Amino acid sequence: MQAPLRGIHFESGKGVEIHIENGTISKLVDIPSEGLSHRIAPGLVDLQVNGYKGIDFNSGDITKEEVAKVVQCLWEVGVTTFYPTLITNSDDTISRAIETIVAACEEDKLVNDSIGGIHLEGPFLSAEEGPRGAHPLEHIKNPDWELFKAWQECAKGRIKLMTLAPEREGAYDFIKKCTASGVLVSLGHTAATPEQIKNAVVAGARMSTHLGNAAHLNLPRHPNYIWEQLASDDLWISLIADGFHLPESVLKVFMKVKPGKSVLVSDCTQFAGLPPGTYTSHIGGAIELGKEGRLFMKKSPSLLAGSAQSLVHCVDHLVNSDLVPLSVAWRMASIKPMEVMNIEGYGISENGKVDLVVFERRSNKIQIVQTIKSGKVVYPSSS
Ligand SMILES: [Zn+2]
């Protein structure tokens with residue numbers, strides 16, 4: 001890209017001109033903001049994506065073309081990096097999904113650049129009703145390092161994030177090995193005791209996956225695993241801020257307890273990006289996507305069937321609920337996830353990566369104008 005990008009810096013609110021050379025930001029120049037209507041921000045980073053627009057990473061028969069399609073569809077909603085999330089399944093199905101993601105990455109550099117890593121959510125999770133969520137009981141099991149190593153080999157090192165329940169037998173040793181190998185361990189789908197959570201943190205666990213969801217409907221007032229994870233200074237938290245998974249009061253308190261250590265995730269399913277209507281899920285039967293964007297079980301409308309919102313909607317939700325300013329919400333969905341994944345220097349900085357989003361906000365809704373990945377305009381597409 002030759003011509004510099006001009007817009008309003010998403011954090012400073014000042015005009016900025018971004019010069020790009022050889023795929024990196026070569027120079028940042030302050031310019032007057034008069035006449036500029038678009039904002040510029042780092043591309044969104046989603047640590048938890050199960051699928052999008054009818055494509056499900058966990059379906060068992062995903063193709064590499066479909067993986068590439070999800071990458072493209074997420075560019076349209078401002079996501080420049082994401083972590084395809086593989087949930088509890090048979091060993092073989094997980095292996096096949098990993099192989100397909102790797103094949104998609106090896107075929108296209110931009111796909112490879114856009115997939116930050118694979119997030120393995122399961123199968124080493126709690127079998128208890130509530131914490132288990134929708135993960136199939138038959139495949140839930142204790143951590144198995146040999147099995148993980150086989151998956152990681154299949155992934156050619158691409159598994160970067162592992163969600164597990166620390167109360168499972170052998171978990172501490174497993175967490176230590178994951179951490180030593182550079183895989184971030186996050187606690188989730190867990191019914192752990194305070195002691196077990198403390199031990200997991202000592203072993204190296206550094207995040208809590210979608211804290212406040214995948215939990216028992218009723219918990220002892222204290223102690224319980226939510227308080228304990230909130231109180232641990234070493235644990236970051238990821239939050240599904242889609243407006244349906246957590247009430248605003250909970251989001252508010254969680255973010256106040258973890259300033260600087262809160263990350264937004266969409267945890268979106270294949271139903272995100274689709275029009276409202278009735279759909280069939282291979283795990284849950286008939287499900288309904290309401291006009292307002294809530295995804296629920298057709299038979300029991302009070303039960304959510306996952307998320308159908310992309311990350312940019314979660315940013316809007318925090319802002320529209322007056323919980324944090326746009327700059328903070330955007331940071332929680334871009335720079336912060338990179339920080340917890342130990343990727344330094346992500347953002348609008350000289351010599352930095354050119355993963356950028358140009359947007360405007362109209363009627364309380366972010367509209368993506370342009371997405372730039374690794375220095376290339378990927379949305380709107382030129383073809
Ligand atoms: Zn989950």
Side-chain angles (χ1 to χ4, degrees), residues 4-18 25 28 30-47 49 52-53 72-82 239-246 248 251-252 255 259 262-268 272-276 291-294 307-338 346-349 352 354-373 377-381:
L5 271 175
R6 289 194 185 87
I8 298 165
H9 190 287
F10 83 111
E11 274 183 323
S12 70
K14 293 178 180 161
V16 65
E17 190 174 76
I18 302 176
I25 297 175
L28 293 173
D30 289 339
I31 57 170
S33 60
E34 285 81 53
L36 299 173
S37 56
H38 296 165
R39 295 183 221 218
I40 301 184
L44 297 171
V45 178
D46 196 338
L47 298 182
V49 175
Y52 196 69
K53 266 201 180 163
Q72 285 169 14
C73 291
L74 288 175
W75 287 336
E76 293 171 17
V77 285
V79 175
T80 51
T81 302
F82 72 99
L239 300 169
I240 309 172
D242 65 345
F244 308 110
H245 278 75
L246 293 170
E248 280 76 68
L251 283 169
K252 180 176 179 176
M255 291 189 297
S262 299
V263 167
L264 300 187
V265 290
S266 71
D267 199 8
C268 65
L274 293 179
K291 277 196 199 68
E292 71 302 336
R294 186 172 177 272
S307 162
Q309 301 299 332
S310 74
L311 200 52
V312 72
H313 168 89
C314 300
V315 172
D316 272 331
H317 178 66
L318 288 192
V319 178
N320 293 339
S321 306
D322 276 333
L323 290 170
V324 286
L326 176 62
S327 58
V328 174
W330 193 283
R331 178 171 270 268
M332 284 170 63
S334 57
I335 294 171
K336 286 292 163 183
M338 283 300 203
Y346 189 73
I348 304 178
S349 55
V354 193
D355 283 7
L356 299 169
V357 171
V358 179
F359 68 94
E360 54 185 348
R361 206 159 180 275
R362 273 185 276 138
S363 312
N364 292 332
K365 210 168 166 346
I366 293 165
Q367 315 279 344
I368 306 295
V369 175
Q370 195 177 56
T371 303
I372 300 156
K373 176 68 194 178
V377 176
V378 289
Y379 173 77
S381 76

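Remember, it's a predicted structure, so these values are computed and weren't measured experimentally. Each residue takes its place number in the sequence, starting with 1.
Nearest heavy-atom pair across Val265 and Asp46 is CA-OD1, 3.8 Å. When all heavy atoms are compared, the tightest approach of Thr80 to Trp75 is CA-CD1, 4.3 Å. Closest non-hydrogen pair, Ser262 versus Lys336, comes out as O-CB, 3.9 Å. Nearest heavy atom pair, residue Arg331 against residue Pro337, reads O-CD, 4.0 Å. Closest approach of Gly43 to Ser334, counting heavy atoms only: O-CB, 3.3 Å. Listed here is the closest heavy atom pair of Gly293 and Ala308: O-CB, 4.1 Å.
Residues Asp242 and Ser266 have side chains not in contact (no heavy-atom distance under 4.5 Å, counting atoms from C-beta outward). Residues Ile25 and Ser349 form no side-chain contact, since every pair of their non-hydrogen atoms from C-beta on lies 4.5 Å or further apart. Within the 4.5 Å cutoff, the side chain of Phe10 has no heavy atoms near those of the Val357 side chain. For the pair Leu318 and Leu264, the minimum side-chain heavy-atom distance is below 4.5 Å. Contact annotation: the side chain of Leu326 approaches that of Arg39 to within less than 4.5 Å [non-hydrogen atoms, C-beta and beyond]. Residues Leu246 and Ile240 are not in side-chain contact: their nearest non-hydrogen atoms beyond the backbone lie 4.5 Å or more apart. The shortest side-chain heavy-atom distance between Met255 and Val328 does not fall under the 4.5 Å cut-off. Residues Pro4 and Ile18 are not in side-chain contact: their nearest non-hydrogen atoms beyond the backbone lie 4.5 Å or more apart.
Here His317 contributes atom NE2 and His245 contributes atom NE2; the two are 12.0 Å apart, rounded to the nearest 0.5 Å. Once rounded to the nearest 0.5 Å, the distance linking CE of Met338 with CG of Leu47 reads 9.0 Å. Between the CZ atom of Arg6 and the CG atom of Leu36 there is a distance of 8.5 Å, given to the nearest 0.5 Å. The distance from atom OG1 of Thr81 to atom CG of Asp355, rounded to the nearest 0.5 Å, is 5.0 Å. In this structure, OG1 on Thr371 lies 11.0 Å from CZ on Phe359, to the nearest 0.5 angstrom. Here Glu76 contributes atom CD and Ser310 contributes atom OG; the two are 10.5 Å apart, rounded to the nearest 0.5 Å.
Checking Ser307 against Asp267 by side-chain atom types alone, no donor-acceptor pair falls below 3.5 Å.
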Stepwise side chain to side chain contact (heavy atoms under 4.5 Å, CB included) check, His313 with Ile366: CA-CA 8 Å; His313 168 89; Ile366 293 165; over 6 Å; no

Candidate pair Asp30 and Lys14, rule side chain to side chain contact (heavy atoms under 4.5 Å, CB included), full reasoning: CA-CA 7 Å; Asp30 289 339; Lys14 293 178 180 161; 5.6 Å; no

Verdict with supporting geometry, Leu44 and Trp330, side chain to side chain contact (heavy atoms under 4.5 Å, CB included): CA-CA 8 Å; Leu44 297 171; Trp330 193 283; 3.5 Å; yes

Side chain to side chain contact (heavy atoms under 4.5 Å, CB included) evaluation trace for Phe244 with Gln309: CA-CA 10 Å; Phe244 308 110; Gln309 301 299 332; 4.3 Å; yes

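Between Asp316 and Arg361 there is a salt bridge, since at least one side-chain N of the basic residue sits less than 4.0 Å from a carboxylate O of the acidic one.
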